[in-house]
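Down below is the structure, laid out as structure tokens.
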Amino acid sequence: MSSLCDPISSAGGTSLWRHQDFRRYLTGQAASVAGSSISAMALPVLAVLELDVSPAQVAWITFMGQLPPALLALHAGALADRRSKRKQMITGDLVSAVVLASVPAAAALDRLSLAQLMVVAAVQGAAGVLHDAAAISLLPSLVDRSLIQRSNSRIGALFAVAATAGSNLGATLTALLGPARALLGDVGSYLVSAWCTTRIQTRGTNVTRAGSHRLHTEIGEGLRYVRRDHRLRTLTLVNATTSAALALLNTLWALYLLVPAQRMCCLLPDVPPDLLVCLLHSVGLH
């Protein structure tokens with residue numbers, strides 16, 4: 001059975017879709033990406049409509065979500081080399097699911113606060129970077145080296161579709177259920193991701209490597225390696241710049257989207273604001 005053996009070592013013509021562990025990995029990661037897009041849509045809407053926060057407060061929520069990846073990304077990568085990648089991914093998913101589920105629970109009890117949203121954003125960001133670092137380093141143990149390029153191309157394509165679908169699903173759920181309950185879609189995606197990861201059976205994904213060096217020493221070695229390779233150095237700078245720009249865009253997205261929605265509420269007082277946000281999101285008015 002291929003899932004109990006070493007990664008696929010067949011020729012380049014081998015179909016990746018016949019590899020069970022790769023399908024499980026891809027399904028779990030795509031579900032997580034779609035769920036994160038739901039939260040990216042619903043969380044700022046929840047803060048603005050339910051808590052009536054200011055633009056600066058929305059920016060603080062986004063900042064708290066982006067701070068852990070900036071501080072912990074290198075440590076998460078080093079931990080993934082030392083510990084079980086599957087366990088690190090599952091832990092990140094379950095922590096994210098639990099902390100995010102507290103938001104609709106608090107909203108149902110009328111106890112939701114700005115402080116809670118900031119804590120949830122920070123914890124979810126930390127759990128997410130732990131999961132992502134392990135997920136990236138897990139792929140080479142699932143497929144043969146000759147198939148990594150094809151694997152990455154399929155992952156990139158599916159993630160783009162999942163992100164777009166998740167964003168539109170988030171808008172629909174926000175309109176139908178409200179922004180708080182829409183977050184349950186992301187909670188479910190984390191559970192799907194954790195379940196798919198537990199089903200991965202390829203040998204080598206649970207090996208724990210004893211650390212002969214301090215964590216900071218390994219991080220320093222990795223940074224020096226990237227600095228010496230001009231290709232990795234360029235890719236790192238491009239990705240960092242792109243991530244910073246997207247973080248800035250995501251901070252302003254909900255605010256600019258809600259401005260026309262709030263104006264339309266004055267003209268259409270019988271239409272729920274959540275539905276107007278969904279309509280504006282669908283036609284791209286932001």
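Under a hydrophobic clustering in which Ile, Leu, Val, Met, Phe, Trp and Tyr are joined whenever their side-chain heavy atoms come within less than 4.5 Å, directly or via other members, Tyr190 and Val123 fall into the same cluster. Cluster membership for Leu169 and Leu176, using ILVMFWY side-chain heavy atoms within less than 4.5 angstrom, is shared. Note on Val95 and Val120: same hydrophobic cluster, where clusters join Ile, Leu, Val, Met, Phe, Trp and Tyr whose side-chain heavy atoms are under 4.5 Å apart, directly or indirectly. Cluster annotation: Leu158 and Val192 are assigned to distinct hydrophobic clusters (Ile/Leu/Val/Met/Phe/Trp/Tyr, side-chain heavy-atom contacts under 4.5 Å, transitive). At a threshold of 4.5 Å between side-chain heavy atoms, the hydrophobic network of Ile, Leu, Val, Met, Phe, Trp and Tyr places Val119 and Val99 in one connected group.
Summarising the geometry of Val143 relative to His19, their closest heavy-atom pair is CG1-CD2, 4.0 Å, with the distance given to 0.1 Å. Between Gly65 and Pro69, the shortest heavy-atom distance links the atoms O-CD, 3.3 Å. The shortest heavy-atom contact between Ala180 and Pro104 is O-CB, 3.5 Å. Of all heavy-atom pairs spanning Ala126 and Pro68, the tightest one is N-CB, 3.4 Å.
Distance check, rounded to the nearest 0.5 Å: CZ of Arg24 to OG1 of Thr198 gives 9.0 Å. The distance from atom CD of Gln124 to atom CE of Met64, rounded to the nearest 0.5 Å, is 12.5 Å. The CE atom of Met118 lies 10.0 Å from the CG atom of Leu67; values are rounded to the nearest 0.5 Å. One finds the CD1 atom of Ile90 at 12.0 Å from the CG atom of Leu191 (value rounded to the nearest 0.5 Å). To the nearest 0.5 angstrom, Leu79 atom CG is 9.5 Å from Leu72 atom CG. Atom-to-atom distance recorded for Trp195:CH2 and Leu94:CG is 14.5 Å, nearest 0.5 angstrom.
With Arg86 contributing its side chain and Ile200 its backbone, the two residues share a donor-acceptor pair below 3.5 Å. Remark: side-chain polar atoms of Thr241 are paired, donor with acceptor, to backbone N or O of Leu237 under 3.5 angstrom. At least one donor-acceptor pair under 3.5 Å links the side chain of Asp21 to the backbone N or O of Gln201. For Thr91 (side chain) and Gln88 (main-chain N/O), no donor-acceptor pair under 3.5 Å exists by modelled atom type.
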Only pairs under 3.5 Å count here: list side-chain donor-acceptor contacts from residues 28-47, not counting sequence neighbours, and write none if there are none.
| residue | atom | partner | partner atom | Å |
| --- | --- | --- | --- | --- |
| Gln29 | NE2 | His131 | NE2 | 3.4 |
| Ser36 | OG | Ser32 | O | 3.0 |
| Ser37 | OG | Val33 | O | 3.2 |
| Ser37 | OG | Ala163 | O | 3.1 |
| Ser39 | OG | Asp186 | OD2 | 2.4 |

All N/O donor-acceptor pairs, side-chain side in residues 110-117, below 3.5 Å, sequence neighbours left out:
| residue | atom | partner | partner atom | Å |
| --- | --- | --- | --- | --- |
| Ser113 | OG | Gln116 | N | 3.3 |
| Gln116 | NE2 | Ser102 | O | 3.0 |
| Gln116 | NE2 | Ser102 | OG | 3.3 |

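Leu184 places none of its side-chain heavy atoms less than 4.5 Å from the side chain of Leu100. Put simply, the side chain of Phe22 reaches to within 4.5 Å of the side chain of Ser151, judged on heavy atoms. The shortest distance between side-chain heavy atoms of Tyr25 and Ile155 falls below 4.5 Å.
The aromatic rings of Phe63 and Trp60 stand perpendicular to each other, their planes meeting at an angle above 60°, with 30° marking the opposite boundary.
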